[in-house]
Each structure stands twice: as structure tokens, then as C-alpha cells.
Amino acid sequence: MTGNIISVDGFSSTGKSTLASKLAEHYNFYYLNSGLMYRIISHFALNNGYIINNMIKESQLINKLDDLNFDWMIDNKGNKCLSFDGKIFGEEMYSFEISDIVSSVAKLESVRSFLFRQQKKLAVKKSIVVEGRDIGTVVFPDAKVKFFLSADLDIRTMRRNKQIEENNISFDSMKVEDNLIKRDKIDSERKIAPLKKAKNAFEIDTSKKSQIEVFNIAKNYIDSNFKF
Ligand code: C5P
């Protein structure tokens, strides 16, 4: 049903998006950011009154989601990208408001099973690099190549601050580290599909490595062990 799958899982702000998108470009695969899907659902819930005072109205949210779909679209630069309900979402999905609630939304079984189905559908007949938390363990346990990224908390905080600054994202810089700690905790401790390294995943600690170094390590690992 699918072509070749490369999974890139790991903690928040460890460089998953950079590595996954570079690998997709290099091997000419599709690139799927599953974290963005959880963020878009959180944004949708916040905007439509399904989250009030941090309380998520799960059954109402999921009823509404059943009529909506993620799909592939071509953006105005000609790149393949993800759309939800026919729209493309960008850096505004990384705001404090969404980052603060996303892990609570991602804990819900109904949301996970909705996105599991959507992720499977997006990968049909495609070779694809998918980044997230449970990709190599739960969503695509048969992925041909699996990576797991980690990095020290202070480095991750610095990187997230830089992303926030460069993209003009609305985020209180004092809250960046706390948000990473909070999400790591919820993501690792949840019952369904917790963040963990797949047994056969290749781990890269990105703390002291540049983006190019991480990419080269991943590419060398793929080229010496797998054939597409
Ligand atoms: O990757 P990113 O940091 O944007 O993901 C945002 C949140 O989405 C994570 O903190 C996690 O709660 C959730 N997520 C998940 N499973 C995935 C991808 C993301 O639970 N596969």
C-alpha cells in the first residue's frame, strides 16, 4: 500500500523537521510533519469553541473532525505540502496558545485514532519521510528506516527561541523551556502511543551537531544500510 517509509521521531525541538525535510528533498520523497497535524487540530478546536478554559470538548470535536480531511496540496512555490479542510497552515501553528494545549489534545484516543487514519491515507502509494513521536513505533512500525533524535534541553530551548524570533511567532520567551518540559512529559507518559525510541531506530544526539552534520550522518546511515 505504501512505498518506502523513513520515520523521524524524537523530543521537541531536536531538529526533526529540518532533518526530515532535507531527507525528503534528497531522496525525492513526500514529507509529512505529523506534529503539524496535531497543532492544526488544536488550532481548529480553539477557534471553534471546542476548547474553553483548557477543557477539551472531545466528543463534539471528534464529531466535527469526521467530516474533515488532511490532503496533499501544491503551494504557491510549487512545493508539495499538507492541507487541512482545503487550507494550508504555517508558522502561526507554533504560537504559545497552540503549543500550550497541543499535548493535551494529542493525548486523546479519539484524536489519535483520527490522525492515525489520516496519516495512513496520506502515505498510500507514496515514499515518504514522516516525523513525529510515535511514527516508528505505532503509525508505521514497518518503516524501512527509523531515526530517533535527542538533544540537551538548553540547546533545544535555544533552538526553539531562534525559530520563534526568526518567524515572528507569538510566544513569551520566558515560557519556551517550560513548554518543552511540559510537552516532553505529557508525550512520554501518556497511555496511548507514548514518545519512545523504536527498538530498531538509529539514534542521533543533535546537541553538538550542525544541521548539515546531522543530515550527513542520517544519509550515510541510509546509504550504507538500505536500498530504495
Ligand atoms: O512536532 P511538534 O513539536 O510540532 O508536535 C507538537 C505536539 O504534537 C507534540 O508535543 C505531541 O504532543 C504531539 N504529537 C504527537 N504525536 C506525533 C506528533 C506530534 O503526539 N506523532
Side-chain angles (χ1 to χ4, degrees), residues 5-21 24 31-46 51 54 56 58 61 65 70 81-82 84 89-123 128-141 143 146-151 153 155-157 159-164 167 169-171 175-198 201 206:
I5 294 186
I6 301 174
S7 63
V8 181
D9 287 306
F11 294 94
S12 306
S13 293
T14 46
K16 298 188 300 294
S17 301
T18 307
L19 175 62
S21 55
Y31 162 53
L32 180 61
N33 178 344
S34 69
L36 179 61
M37 299 173 84
Y38 286 93
R39 288 175 179 276
I40 292 172
I41 296 302
S42 304
H43 167 76
F44 176 82
L46 284 163
I51 302 178
N54 282 337
I56 306 163
E58 183 178 356
L61 170 64
L65 286 181
F70 284 87
C81 67
L82 184 69
F84 175 65
F89 296 80
E91 290 296 332
E92 70 279 9
M93 293 301 103
Y94 293 82
S95 68
F96 176 72
E97 199 188 14
I98 294 174
S99 302
D100 192 40
I101 197 77
V102 62
S103 291
S104 304
V105 173
K107 247 170 71 173
L108 303 174
E109 186 170 10
S110 57
V111 170
R112 296 207 77 81
S113 80
F114 170 74
L115 285 183
F116 177 90
R117 291 194 303 276
Q118 297 279 323
Q119 287 154 9
K120 291 284 199 193
K121 198 189 69 181
L122 288 164
I128 183 166
V129 185
V130 192
E131 67 157 285
R133 302 292 187 291
D134 60 341
I135 305 304
T137 50
V138 173
V139 183
F140 296 112
K146 298 183 187 181
F147 291 103
F148 189 86
L149 302 195
S150 59
L153 180 64
I155 306 271
R156 297 196 282 134
T157 306
R159 287 181 185 155
R160 183 45 59 104
N161 265 315
K162 192 160 169 258
Q163 183 203 10
I164 287 167
N167 295 290
I169 295 167
S170 130
F171 212 114
K175 295 183 176 163
V176 172
E177 184 175 297
D178 285 352
N179 178 255
L180 293 181
I181 295 171
K182 175 178 156 180
R183 286 197 287 127
D184 284 352
K185 184 169 162 56
I186 302 176
D187 295 346
S188 313
E189 293 180 356
R190 69 178 172 229
K191 282 206 189 88
I192 314 152
L195 163 64
K196 68 170 183 239
K197 180 176 173 258
T206 68

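Read the numbers this way: they start at 1 and go in the same order the structure lists the ligands and their atoms.
- Using the six-membered ring where Trp is involved, Phe70 and Phe84 have ring planes that are tilted, between 30° and 60° apart.
- The residues Arg190 and Asp134 are annotated as not salt-bridged, no charged nitrogen and carboxylate oxygen being separated by less than 4.0 angstrom.
- The shortest N or O to N or O distance between Arg190 and ligand 1 is under 3.5 Å.
- Taking atom 12 (O) of ligand 1 as the reference point, the nearest protein heavy-atom neighbour is Asp187 OD1, 2.6 Å.
- With Asp100 as reference, Lys182 is the one residue of Lys182, Lys175, Arg39 to meet the salt bridge (Lys or Arg N to Asp or Glu O under 4.0 Å) rule.
- Remark: Lys197 NZ is packed, more than 12 non-hydrogen atoms of other residues, nucleotides or ligands lying under 6.0 Å away.
- Residue-level proximity to ligand 1 for Ser103 is carried by backbone and side chain together, each with a heavy atom below 4.0 angstrom.
- Of the protein's non-hydrogen atoms, the one nearest atom 18 (C) of ligand 1 is Ser34 OG, 3.3 Å.
- For ligand 1, the atoms lying closer than 4.0 Å to a non-hydrogen atom of Asp134 are 16 (N), 17 (C), 21 (N).
- Relative to atom 17 (C) of ligand 1, the option among Arg133, Arg183, Glu131 with the closest non-hydrogen atom is Arg133.
- For atom 13 (C) of ligand 1, the closest non-hydrogen atom on the protein side is Ala106 CB, 3.7 Å.
- Ring geometry, Phe89 versus His43: the interplanar angle exceeds 60°, so the pair is classed perpendicular (tilted spans 30 to 60°).
- Within a 6.0 Å sphere centred on NZ of Lys162, heavy atoms belonging to other residues, nucleotides or ligands number 12 at most.
- Of the options Tyr94, Phe116, Tyr38, the smallest heavy-atom separation from atom 8 (O) of ligand 1 is shown by Tyr38.
- With Lys120 contributing its side chain and Val139 its backbone, the two residues share a donor-acceptor pair below 3.5 Å.
- Of all the listed residues (Arg39, Arg112, Gln119), Arg112 holds the heavy atom that lies closest to atom 15 (C) of ligand 1.
- With ligand atoms numbered from 1 in the order given, ligand 1 contributes 7 (C), 8 (O) to contacts under 4.0 Å with heavy atoms of Val102.
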